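Only one structure is covered here, and it is reproduced in the block below.
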Amino acid sequence: MGKRKAASISGNPNQDLCDFLLELADYERNVSKNVFKYNAYRKAAGTLGALPERVKSGNEAKKLPGIGIKIAQKIDEFLETGKLKKLEDIKKDENNAVISLLARVSGIGPAKAKELVDAGIKTLEDLKKHQDKLTHHQKLGLKYFEDFEKKIPRAEIVQIEKILKNGIKELSNDYLVTICGSYRRGKEESGDIDVLITHPDYTSKIKDAKKKNISLKAIVECLEKKRLITDTISLGPTKFMGVCRLPEDKNKPFRRLDIRLTFHDQYYCAILYFTGSDLFNKNMRAHALEKKYTLNEYALKPLITEGCPGEGAKITCEEDIFKIIGLPYKDPKDRNI
Ligand code: 8DG
Ligand code: CA
Ligand code: CA
C-alpha cells in the first residue's frame, strides 16, 4: 500500500487548526502506530476544514462531528496560546523525527523504524551502512527512496500503460488489463501504479490445471524482457509488487508498480475496489450494508439472515454493482473523495 499522505486543506478559516491536527495525525500513524488516533485527528481536521467560519472555542467545536472533549481541549489551548505543548514536545524529541523519516522508506513501518532508531540509526546514510538489518523490500525502498517520493505524471503512466498492454498482448490477446488507483480517477499525478489483470479463462470456478497457461509469473517475465519491470519486491500467484521504469529514458525515475491477477468473475469488484478512493470505497460499502449487501474486492453478496452472506451476484461491469445496491453510477473521475 502507498504511504497515505494527509490531504492538504487550503483557503479555509481554520487552516492553522487543521495543520496541527494533521501533524498530530502523522505522529500517531508514524511514531505511535495508533491508527485509531490517526483516523480521529484526520476526521477532526476534515470537519474543521469544511467549516465556512473560524471556530471560536473548543466548546463550539465539540458540537461538530468527530470532535470530542480531548480535541476540543487542544483547540482551546491552541486558540489561547498559539501552540500546542504536546506537539512542541514531539518536535523536541529528535528520535521522533528520525522515526518519521525512516518510516517513509517503502517497506519500513513504524515498528521497524523504532527498532532501527533503538539500534542507533539516525540517518538514511546510517541505514545504507547497515543494510543487513533490512529485508529485500526495505533495501529496495532505501535504494529508490528519492524516486519513490516523486509523484508520477499522468503522461508517463499513459506511456507505461502502452508498453504494459502491448507486452501482455503478446502472451495472449485475451488478457484484460486495467490501471486503477488515482490514475483511473483521472488524477494528473499518482503515487504509484496499480494494475489489475484478468483473462476470460481464469475464473474462480475453473480448476487449476486449465488455468496453467495463465500466469502472473509469465506476465512479469515478459515485462522484464521489455525492460519495463526492473525489480521484484515480491511475486506470488496473484500479486506482484515491484519497480518499473520507462525503458527508453534512463533519466526517468523508478516507479512503484503493483500488479494483481484476479478471477474474471471477480474482476469488476476488484476494479471498483482498487480504483478507490479509499474513502469512496468506505462510503460505498456502508451503503451496500444498508441495502443488506456485503461488498469487498472480490464480490457483492446479499446478506440473507443474521448477517450471513448468500451467493455472490453475477457482475459483468462496475455499473452492475451500483445498480444492485441502488446507487446512480459514478464515473471514476467523480470518485475522488
Ligand atoms: P496514489 O497512489 O496516487 O497515492 O492514490 P491511490 O491510487 O488512490 O492510492 P493507493 O494507496 O495506491 O490505493 C489504491 C486503491 O486501493 C485506493 O484508491 C482504494 C483501494 N484501497 C482501499 N483501502 C486501501 C488500503 O488500506 N491500502 C491500499 N493500498 N489500498 C486501499 O480502499
Ligand atoms: Ca497502490
Ligand atoms: Ca495508486
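First listed ligand is number 1; within each ligand, the first listed atom is number 1. Quick caveat, the model's predicted, so the values are computed rather than measured.
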Answer yes if Y183 and F240 sit in the same cluster of Ile, Leu, Val, Met, Phe, Trp and Tyr residues linked by side chain heavy atoms under 4.5 Å apart, and no otherwise.
-> yes
What part of T275, side chain, backbone, both or neither, has a heavy atom within less than 4.0 angstrom of ligand 1?
-> backbone
Among F274, F280, Y273, which one has a heavy atom closest to atom 22 (C) of ligand 1?
-> Y273
With a cut-off of 3.0 Å, which protein N/O/S atoms are close to the Ca ion (ligand 3), if we only count those under it?
-> D192 OD1, D194 OD2
Between the main-chain N or O of D192 and the side-chain N or O of R255, is there a donor-acceptor pair closer than 3.5 Å?
-> no
Donor + acceptor pair across side chains of Y298, S204 (<3.5 Å) = no
Atoms of ligand 1 less than 4.0 Å from S190 heavy atoms?
-> 3 (O)
Solution key, residues 284-291 side-chain donor-acceptor pairs under 3.5 Å, sequence neighbours excluded:
| residue | atom | partner | partner atom | Å |
| --- | --- | --- | --- | --- |
| H287 | NE2 | I325 | O | 3.0 |

Sub-4.0 Å atoms of ligand 1 with respect to non-hydrogen atoms of D194 | 7 (O), 12 (O), 14 (C)
Donor-acceptor contact below 3.5 Å, side chain Y267 vs main chain L196 = yes
Are E60 and S57 close enough that a side-chain donor and a side-chain acceptor fall under 3.5 Å?
-> no
Name the atoms and distances for all side-chain donor-acceptor pairs under 3.5 Å in residues 120-128, with sequence neighbours left out.
| residue | atom | partner | partner atom | Å |
| --- | --- | --- | --- | --- |
| T123 | OG1 | E125 | N | 3.3 |
| T123 | OG1 | D126 | N | 3.0 |
| T123 | OG1 | D126 | OD1 | 3.4 |
| D126 | OD2 | K122 | N | 2.7 |
| D126 | OD2 | T123 | N | 3.2 |

Among I157, N281, L272, whose heavy atom sits nearest atom 32 (O) of ligand 1?
-> N281
Can you figure out which of G191, G181, A270, S277 has its heavy atom closest to atom 4 (O) of ligand 1?
-> G191
Look only at the side chain of N14 and the backbone of E53, and say whether a donor-acceptor pair between them is shorter than 3.5 Å.
-> yes
Pairs involving residues 140-180, ordered by first then second residue, that meet ring-ring contact (aromatic ring centres under 6.0 Å, His included) (sequence neighbours left out) = Y144-F148, Y144-F254, Y175-H199
Any donor-acceptor N/O pair, E28 side chain to N34 backbone, under 3.5 Å | no
Heavy-atom contacts with R185 under 4.0 Å: which atoms of ligand 1 show up? List them by number with element.
-> 8 (O), 18 (O)
Would you mind running through ligand 1 and noting each atom that sits below 4.0 Å from a heavy atom of D192?
-> 2 (O), 12 (O)
